[in-house]
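In what follows, chains carry the letters A, B, and so on, assigned in the order in which the sequence lines appear, proteins first and then strands, with residues in each chain numbered from 1.
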Protein chains: 2
Amino acid sequence: MPEKTGKPDEEQSAESRPRRLQARGQRRVAQLLEAAASVFCSTGYTAASTNAIAREAGVSPGTLYQFFPNKEAIAIELGDRLMHEMRETYGEALAPVDPATPLKEAVGAAVDRFVDFNCQHPVFFALMHGPDIPGRITEEHDALHATLVSRVEALLAGFLPDAPTADLTRTATVCVGMYKAGLELVLAHEGAEREAYVRELKNILFRYLEPLVGDRMAPSGARGDRDPAWGNTP
Amino acid sequence: MPEKTGKPDEEQSAESRPRRLQARGQRRVAQLLEAAASVFCSTGYTAASTNAIAREAGVSPGTLYQFFPNKEAIAIELGDRLMHEMRETYGEALAPVDPATPLKEAVGAAVDRFVDFNCQHPVFFALMHGPDIPGRITEEHDALHATLVSRVEALLAGFLPDAPTADLTRTATVCVGMYKAGLELVLAHEGAEREAYVRELKNILFRYLEPLVGDRMAPSGARGDRDPAWGNTP
DNA sequence: TCAGAATGCGAGCGACCACTCGCATTTGTC
DNA sequence: GACAAATGCGAGTGGTCGCTCGCATTCTGA
């Protein structure tokens, strides 16, 4: 629809933005993305209306469509920017794990990184876990998910070279699933309680993996040195 | 609503169903609920259109509204029937736990019960976890969630009488959250792989709780008798 | 047998939403 | 200053969806 008459000058397919964004335009785009993040966060993707996003940004619906060809493109641009910032902040390989680090610290560091990012960008969780989101976002989410799983799988393979691949994949999938569930709990609380849930998430993952990895990675000798169970302040 | 609350004089507020359902009508209701379950399962609540439900049931939209006042009522009736069947199957107190049973068996039995139910009624999960569902369903879900949390909390309190209430609540919340995430993984697989995920879910919960409960409930003596790690067939 | 209730239909209504169009205003560039 | 491009507006358009209405058919009970 956005393409006009069938003239042979084929620019980029269906680009609705002007060829060059002025400073004002870039400001508008940022403004609109911020508003979209807010609306997506509070109502989810499908329930968010483009008119509501425009209103939140203080512009008219027409202005919104001056910069985005459709509603999906807003979510995609938002997702792309978040993804980019994530990779930029935490390196190209998400949460690279050195096989020499003790399991406890590896888990703790990975959890801290991702929790930090999600706490600073709550819309990321909303976009990646909404059950209604459109195609492109789902692709990005699936890609991220696969990356996470295969990375955890690789870490586990270093500890368990003899384990069947199917078991490794399953364990990695479980880890990522538990991380997501824990992240939801973390984001649902604030302050000290949030920190407590972060600790519990680390406990979950560590205790799940510890018997698989074995004593090789246990920080001290006997397994009897039980964790303080409640409220071990890091 | 199958049971009519005893209102003496005034007509029930906005009751669209006929006063007495004939056999045909009861069949239609069951048919419509089954169709709704199918549509809700595949598209979620909000994306499911009443016309699609009617079409799936092989009736006209008007017929659907002969038996349900609105779309929400369909989901509510479905939720009520599932809730009722759940309580009927597993007893009024959901998964009642005898404080004398070992932790491992208690966790295993509870997980098995709920997994069985959710595998037989996949729409239950869809209804209870959709982010878009209307008020009444959310209330029911919250009630079920609170029941689960408080029940786990009570179980933990039996093992840890000295622990602060906030910690008990948090641990119970984590357990329920992990159970939900595990259930999602279980439902996403089939056959042998599904059973493997069930075992992993039990492992997750057991290993998380074991260090809290302590050796008191460990089945055998030394903690060195590690689980076979992979594929312990119960 | 027959009145009235229950069941069934499907076109259509109103509301909402993603998105468009014509036109006015501002900005960059020469 | 002049011109084009970029920006901005908001009523309007087409489509979907929840739901209604009038009317036809089938069943129940006396």
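Annotation: cation-pi geometry not satisfied between Lys180(B) and Phe125(B) (NZ/CZ under 6.0 angstrom from ring centroid, within 45° of ring axis). Remark: Lys202(B) is not positioned above the aromatic ring of Tyr197(B), lacking an NZ or CZ atom under 6.0 angstrom from the ring centre and at most 45 degrees off the axis.
Between the CZ atom of Phe67(B) and the P atom of dT20(D) there is a distance of 15 Å, rounded to whole Å. Spacing between atom CD1 of Ile74(A) and atom P of dA18(C) amounts to 9 Å, rounded to whole angstrom units. Rounded to an integer number of Å, the gap from CD of Gln26(B) to P of dT26(D) is 21 Å. Per the geometry, CG belonging to Leu64(B) stands 9 Å off P belonging to dC19(D), to the nearest Å. The separation between Arg27(B) atom CZ and dA6(C) atom C1' is 13 Å, rounded to whole Å. If you measure from atom CD of Glu72(A) to atom C1' of dC19(C), you get 14 Å, rounded to the nearest angstrom. We find that CG of Asn70(B) is positioned 14 Å from C1' of dC17(D), with the value rounded to whole Å. One interatomic measurement links the two molecules: CD of Gln31(A) to C1' of dT7(D), which rounds to 13 Å at whole-angstrom precision.
Using a 30° and 60° split on the angle between ring planes, Tyr90(A) and Phe117(A) fall in the perpendicular class, above 60°. Relative ring orientation between His141(A) and His129(A) is described as perpendicular, the plane-to-plane angle rising above 60° on a 0-90° scale split at 30° and 60°.
Ser60(A) has no side-chain polar atom (N or O) that falls below the 4.0 Å cut-off from OP1 or OP2 of dG8(D). For the pair Thr63(A) and dC9(D), the criterion of a side-chain N or O lying under 4.0 Å from OP1 or OP2 is met. Phosphate contact (OP1/OP2 of dG8(D), side-chain N/O of Arg28(A), threshold under 4.0 Å): present.
Contacts of Ala47(A) with the nucleic acid, taken as non-hydrogen atoms under 4.0 Å apart, are absent. Contacts of Gly62(B) with the nucleic acid, taken as non-hydrogen atoms under 4.0 Å apart, include base atoms. At a threshold of 4.0 angstrom between heavy atoms, the contacts of Ala48(B) are confined to the sugar-phosphate backbone, with no base atom among them.
In the set dC19(D), dT7(C), dA18(C), dT7(C) carries the atom at the smallest distance from any side-chain atom of Leu21(B). Out of dC19(C), dA6(D), dG18(D), the shortest distance to the side chain of Pro18(A) is found at dA6(D). Set against dC19(D), dA6(C), dC19(C), the side chain of Tyr65(B) has dC19(D) as its closest nucleotide. Considering only the side chain of Pro61(B), dG10(C) comes nearest among dA11(D), dG10(C), dG8(D). With dC19(C), dG8(D), dG8(C) as the candidates, the nucleotide lying closest to the side chain of Lys71(A) is dC19(C).
Tyr208(B) and Tyr208(A) have their aromatic ring centers separated by at least 6.0 angstrom.
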Using a 4.0 Å heavy-atom cut-off, write out nucleotides 22-28 of chain C from 5' to 3' as B (base contacted by protein), S (sugar-phosphate only) or - (no contact).
----BSS
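The side chain to side chain donor-acceptor pair (under 3.5 Å) pairs that include a residue from residues 27-40 of chain B are Arg28(B)-Gln31(B), where partners are two or more places apart or lie in different chains.
Using a cutoff of 4.0 Å between basic side-chain nitrogens and carboxylate oxygens, Arg81(B) and Glu77(B) are scored as salt-bridged. Salt bridge status for Arg113(B) with Asp116(B): absent, with no side-chain N to carboxylate O gap under 4.0 Å. The pair Arg170(A)-Glu193(B) meets the salt-bridge criterion, since a charged nitrogen lies less than 4.0 angstrom from a carboxylate oxygen.
Residue Gly58(A) is the one, among Asn51(A) and Gly58(A), whose nearest nucleotide of DNA chain D lies closer to the 5' end (criterion: closest heavy atom).
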According to the Watson-Crick and G-U wobble definition with distances under 3.5 Å, which dot-bracket string, read 5' to 3', encodes DNA chain C, using [ ] for crossing pairs and | for pairs with another strand?
||||||||||||||||||||||||||||||
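Side-chain atoms of Arg194(B) come within 3.5 Å of backbone atoms of His189(B) as a donor-acceptor pair (strictly under, hydrogens ignored).
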